[in-house]
Amino acid sequence: MRLVLRDINRLEPEDEPPVSLKENPGYSKMQVLCCAICRTDAKMWEQGHRDLVFPRVPGHEMVVRDQGNNRYVVWPGDNCEECEFCLQKRANLCDRIKICGFNFDGGFADQVVVPDKSLIPVPGSLDSHVACFAEPVGCVVNALENVFTEPNGRILIYGGGTMGLLAALYAKYHGWEPCIVESDSEKICNLQHFLEHTGISCGNSVQGKKFSAAILACPDLNAFGQAIQKVDKGGQISFFSGITKGEYIDTHLLNLVHYKELQLTGAYGTRKESMEMALDFMSQNSRELWMLVEDVVSPWDAPRLIPGILSGKYLKYILDFTIQPEA
Ligand SMILES: [Zn+2]
Ligand SMILES: [Zn+2]
């Protein structure tokens with residue numbers, strides 16, 4: 001079966017086998033074990049995208065299996081390997097990149113054709129559902145790789161959604177103290193179990209402490225301004241989530257980047273190397289990652305879940321393609 005995005009607001013399950021999944025040289029057909037639903041998928045459902053052509057099978061956070069029963073996560077890019085960015089191992093910036101679930105059909109299907117070069121083996125001990133986090137954790141690794149070069153700093157994390165929580169876990173893993181700022185009190189309440197278990201703090205605001213870094217994991221312009229104000233001189237800000245379009249920022253705030261010699265670094269998607277690094281971290285934090293799974297569901301449930309995912313109120317939903325639909 002597969003889930004096809006036919007138009008805006010139209011994600012339709014199809015039971016018939018895909019007509020022809022072509023395996024060109026360098027590409028292989030894989031069985032999809034599971035694929036997580038990302039908020040980006042829900043946004044595509046709501047708004048489409050400039051470069052998206054319908055129909056399309058979404059999904060870029062998947063775990064696949066080959067005929068020899070080997071499991072892989074998939075770096076969701078198909079890059080040219082020739083441009084200056086590919087040669088610098090920054091394939092996420094490739095001039096001619098194609099993205100899985102977006103420019104070509106993705107993992108919301110029981111079968112997928114992916115570039116062989118994008119496959120990353122899953123460690124035997126790691127549960128497939130947890131392994132679905134490899135792509136979002138890879139994005140976090142890509143965003144924070146250059147921040148955790150020294151031990152024992154304190155990092156502000158704006159946004160208590162899945163990405164913010166993953167960033168907090170990753171910070172802890174590196175011996176840093178994460179402080180999450182989340183404006184939605186109900187969301188904080190729902191996270192109590194995770195926060196108590198991990199010892200990560202999360203509140204509506206932070207006072208007093210010194211921070212040597214911040215990461216923006218929400219689209220709120222206010223958070224951007226606060227990060228510039230709160231981070232200490234010489235500190236780093238990872239500009240991870242894009243900000244809502246069409247808003248304006250006071251130049252006084254931007255001048256603080258200058259006065260405080262802040263390093264403001266953009267981060268977009270993930271490199272394959274960052275996903276490989278993510279798997280090490282994930283193997284050691286699988287219990288905590290499990291706590292970020294909202295539910296494991298049958299792919300047939302996906303269409304009804306999308307509007308809720310768009311609201312940002314839920315953690316990760318995982319579509320499990322090994323679950324058979326009820327007769
Ligand atoms: Zn994603
Ligand atoms: Zn390239």
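The figures that follow rest on heavy atoms only: side chains count, while hydrogens, waters and symmetry mates do not. One-based numbering, in listed order, for ligands and for the atoms of each. For the single chain, residues carry numbers from 1 onward in sequence order.
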Inspect the contact between R71 and D66 and indicate whether a charged nitrogen and a carboxylate oxygen are less than 4.0 angstrom apart.
no

Please check if atom CZ in F54 has more than 12 non-hydrogen atoms from other residues, nucleotides or ligands closer than 6.0 Å.
yes

Under a 3.5 Å cutoff, is there a donor and acceptor pairing between the side chains of S212 and D232?
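No, D232 and S212 have no side-chain donor paired with an acceptor closer than 3.5 Å.
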
Counting backbone and side-chain atoms alike, does E61 have an N/O/S atom under 2.8 Å from the Zn ion (ligand 1)?
yes

Tell me whether C139 has at least one N, O or S atom under 2.8 Å from the Zn ion (ligand 1).
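It does not: C139 brings no N, O or S atom closer than 2.8 Å to the Zn ion (ligand 1).
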
Without placing hydrogens or testing angles, list every side-chain donor-acceptor pair under 3.5 Å for residues 196-205, not counting sequence neighbours.
| unit_1 | atom_1 | unit_2 | atom_2 | d |
| --- | --- | --- | --- | --- |
| H197 | NE2 | E288 | OE2 | 3.0 |
| T198 | OG1 | F194 | O | 2.8 |
| T198 | OG1 | L195 | O | 3.4 |
| T198 | OG1 | I200 | N | 3.4 |
| N204 | OD1 | S185 | OG | 3.4 |
| N204 | ND2 | E182 | O | 2.9 |
| N204 | ND2 | S183 | O | 3.3 |

What N/O/S atom of H60 gets nearest to the Zn ion (ligand 1)?
NE2

To check your reading of the site, what angle at the Zn ion (ligand 2) do SG of C83 and SG of C86 form, to 10°?
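Computed angle, vertex at the Zn ion (ligand 2), rounded to 10 degrees: 110°.
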
